[in-house]
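Have a look at the structure below, then the notes.
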Amino acid sequence: MCGDCCGRGAGGAAEAGAAGAGGGRKRGCAGTALALVALAAAAAVAVLEGTAGGVSYVGDGWLHECAKWDADGRRLLVSNFFGAGVSELRAEAKGKEKEEERVVLADPDVAGRVALGLTVDAPRGRLLIVYADRLPRFAYSAVAAYDLASWRRLFLTRLDGPGDSTLADDVAVDEEGNAYVTDAKGNKIWKVSPDGEPLSVIKNATFFQRPGWINNFVGLNGIVYHPNGYLLVIHTSGGDLFKVCPKTGSVHVVKVKGSLKTGDGLALLSPTRLVAAGLVSRLVESDDDWETAVVTGRYVGPAHRIGSSATVKDGDVASNHGPTQVHLFSSRCIRFTPLAFTSKSMQFFKV
């Protein structure tokens, strides 16, 4: 009995060993297949990235959510999402294959947060930037201002209230220096004084054009201040463009011919022309002070990237393409290449 049992045990062990060996081969095959898939993906990304030539910039971090051109400083200022800071890129270097971006701001009081939208307040020599909680938390929202020459902080203002569920996303500034910050989760706009004092909150049922979470998953997002005294704000999931009076809080839905779905960051190319970054970046034009508008141009960036912000540089429009990038759909394009398959970099090139 003992010998028979031991025999069966030995046979079982041998069978188990054979099965284990087969499993090892299967795991080996699976590993090889995954490696091949990774190589194929890397090759595909390399081809996509290789469609644009030009100057590369070694970057810090792998996700840059917003980029804005600082005309006085002749530099591009980029928010480092997970680093909760700002880097500068001197995008006009010539004769060099690569230039390093330089981290110019890393505020310890927002360590562990994320940096989102930013805007250059040139008349006052300031940069305004929005901070929020890392997802999936929605408790912290703030806006800060920094001196562009010294990077001295001028103010850091909390926007969320007790028990609020918020996601501060983008910021614009008016001619008096007041800041307007969108809440992509709560569909509202915070107004903050030039000194950082909270002034008011613009809430309006008009911001909710469509019912259901799918149409409000990402709400008010990109925002710009128009020289005629109002705000233009885009609703990402709904694709709606709003004209908002900051003095009265009145909200008008701009009747747009063409889709603005997935629209993100905005930039005014002129009083009658607006750029909306997104899965497809659009040029939008209005001849009646933004009562109505028409989508007159589209720019499709790299297939593996999503446009998240737009800025104007010397009459050209650059659209930042995440998760790590900046692009253009007039004469130039700037972008970050993906850390997963290549070095951290940014390129400046013609389209």
Side-chain angles (χ1 to χ4, degrees), residues 65-66 116-119 130 132 135 138 141 143 159-160 164-174 179-191 200-226 230-246 248-269 273-286 288-299 306-311 319-322:
E65 204 273 341
C66 185
L116 293 157
L118 54 81
T119 192
V130 169
L135 300 179
F138 296 99
S141 286
V143 62
L159 301 171
D160 57 278
D164 280 354
S165 182
T166 64
L167 178 58
D169 191 278
D170 204 0
V171 58
V173 62
D174 66 18
Y180 301 89
V181 180
T182 53
D183 179 1
K185 194 170 189 299
N187 279 339
K188 61 180 180 286
I189 301 170
W190 292 284
K191 182 178 180 180
S200 61
V201 181
I202 301 174
K203 298 180 180 180
N204 198 299
T206 307
F207 289 142
F208 297 86
Q209 285 292 298
R210 296 169 181 81
W213 71 269
I214 194 66
N215 293 314
N216 294 280
F217 185 67
V218 180
L220 299 185
N221 197 331
I223 183 171
V224 292
Y225 180 78
H226 194 279
Y230 52 82
L231 303 164
L232 292 173
V233 190
I234 197 165
H235 189 293
T236 296
S237 294
D240 299 295
L241 184 65
F242 300 106
K243 179 180 177 179
V244 181
C245 177
T248 65
S250 64
V251 179
H252 167 73
V253 182
V254 180
K255 297 178 181 178
V256 180
K257 185 178 180 180
S259 175
L260 292 180
K261 282 263 187 185
T262 73
D264 198 333
L266 301 179
L268 270 179
L269 187 56
R273 305 172 80 200
L274 177 74
V275 177
L279 288 171
V280 177
S281 293
R282 290 98 162 183
L283 178 62
V284 191
E285 300 189 59
S286 173
D288 59 2
D289 203 29
W290 297 98
E291 293 297 308
T292 64
V294 179
V295 175
T296 59
R298 293 173 177 80
Y299 170 71
I306 300 172
S308 59
S309 74
T311 190
S319 176
N320 184 63
H321 280 246

Closest non-hydrogen atom pair, V275 against A310: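 It is CG1-CB, 3.9 Å.
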Distance-minimising heavy-atom pair for S141 and A168: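 Smallest interatomic distance, heavy atoms only, reads OG-N, 3.0 Å.
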Between [X] (side chain only) and [Y] (backbone N and O only), is there a donor and an acceptor less than 3.5 Å apart?
{"X": "W190", "Y": "L159", "answer": "yes"}
{"X": "D164", "Y": "D160", "answer": "no"}
{"X": "R282", "Y": "S259", "answer": "yes"}
{"X": "S237", "Y": "N215", "answer": "no"}
{"X": "T182", "Y": "D170", "answer": "yes"}
{"X": "K203", "Y": "I189", "answer": "no"}

Contacts of Y180 that satisfy ring-ring contact (aromatic ring centres under 6.0 Å, His included) - sequence neighbours left out: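 Y180: no ring-ring contact (aromatic ring centres under 6.0 Å, His included) contacts found.
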Residues that Y230 engages under ring-ring contact (aromatic ring centres under 6.0 Å, His included), provided they are two or more places apart: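 Expected list: H226.
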Could you tell me whether the side chain of [Y] reaches within less than 4.5 Å of the side chain of [X], counting heavy atoms only?
{"X": "L283", "Y": "R298", "result": "no"}
{"X": "L232", "Y": "K243", "result": "yes"}
{"X": "Q209", "Y": "V253", "result": "yes"}

With rounding to the nearest 0.5 Å, note down the distance linking [atom1] in [X] to [atom2] in [Y].
{"X": "K261", "Y": "I234", "atom1": "NZ", "atom2": "CD1", "result": "11.0 Å"}
{"X": "I223", "Y": "L266", "atom1": "CD1", "atom2": "CG", "result": "8.5 Å"}
{"X": "T296", "Y": "L274", "atom1": "OG1", "atom2": "CG", "result": "10.0 Å"}
{"X": "N216", "Y": "L220", "atom1": "CG", "atom2": "CG", "result": "9.5 Å"}

Candidate pair V294 and E285, rule side chain to side chain contact (heavy atoms under 4.5 Å, CB included), full reasoning: CA-CA 5 Å; V294 179; E285 300 189 59; 5.7 Å; no
Do [X] and [Y] have side-chain N/O donor and acceptor atoms under 3.5 Å apart?
{"X": "E291", "Y": "H252", "result": "yes"}
{"X": "S286", "Y": "D288", "result": "yes"}
{"X": "K257", "Y": "T292", "result": "no"}

Pairs flagged by salt bridge (charged side-chain N to carboxylate O under 4.0 Å, His left out) wherever residues 204-222 is involved - sequence neighbours left out: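 Applying salt bridge (charged side-chain N to carboxylate O under 4.0 Å, His left out) to every pair that reaches into residues 204-222, excluding sequence neighbours, yields R210-D240.
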From N204, T166, D183, residue fulfilling side chain to side chain donor-acceptor pair (under 3.5 Å) relative to K188: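 Of N204, T166, D183, side chain to side chain donor-acceptor pair (under 3.5 Å) with K188 is met by D183 alone.
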D169, V181, T119 screened by side-chain contact (heavy atoms from CB on, under 4.5 Å) with V130, the one that passes: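 By the side-chain contact (heavy atoms from CB on, under 4.5 Å) criterion, V130 pairs with just one of D169, V181, T119: V181.
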Option among T262, L116, T236, L167 that satisfies the side-chain contact (heavy atoms from CB on, under 4.5 Å) test with N221: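 Of all the options given, the one that passes is T236.
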Single hit among F207, F208, W290 for ring pair (Phe, Tyr, Trp, His ring centres under 6.0 Å) with F242: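 Going through the options one by one, the only one that passes is F207.
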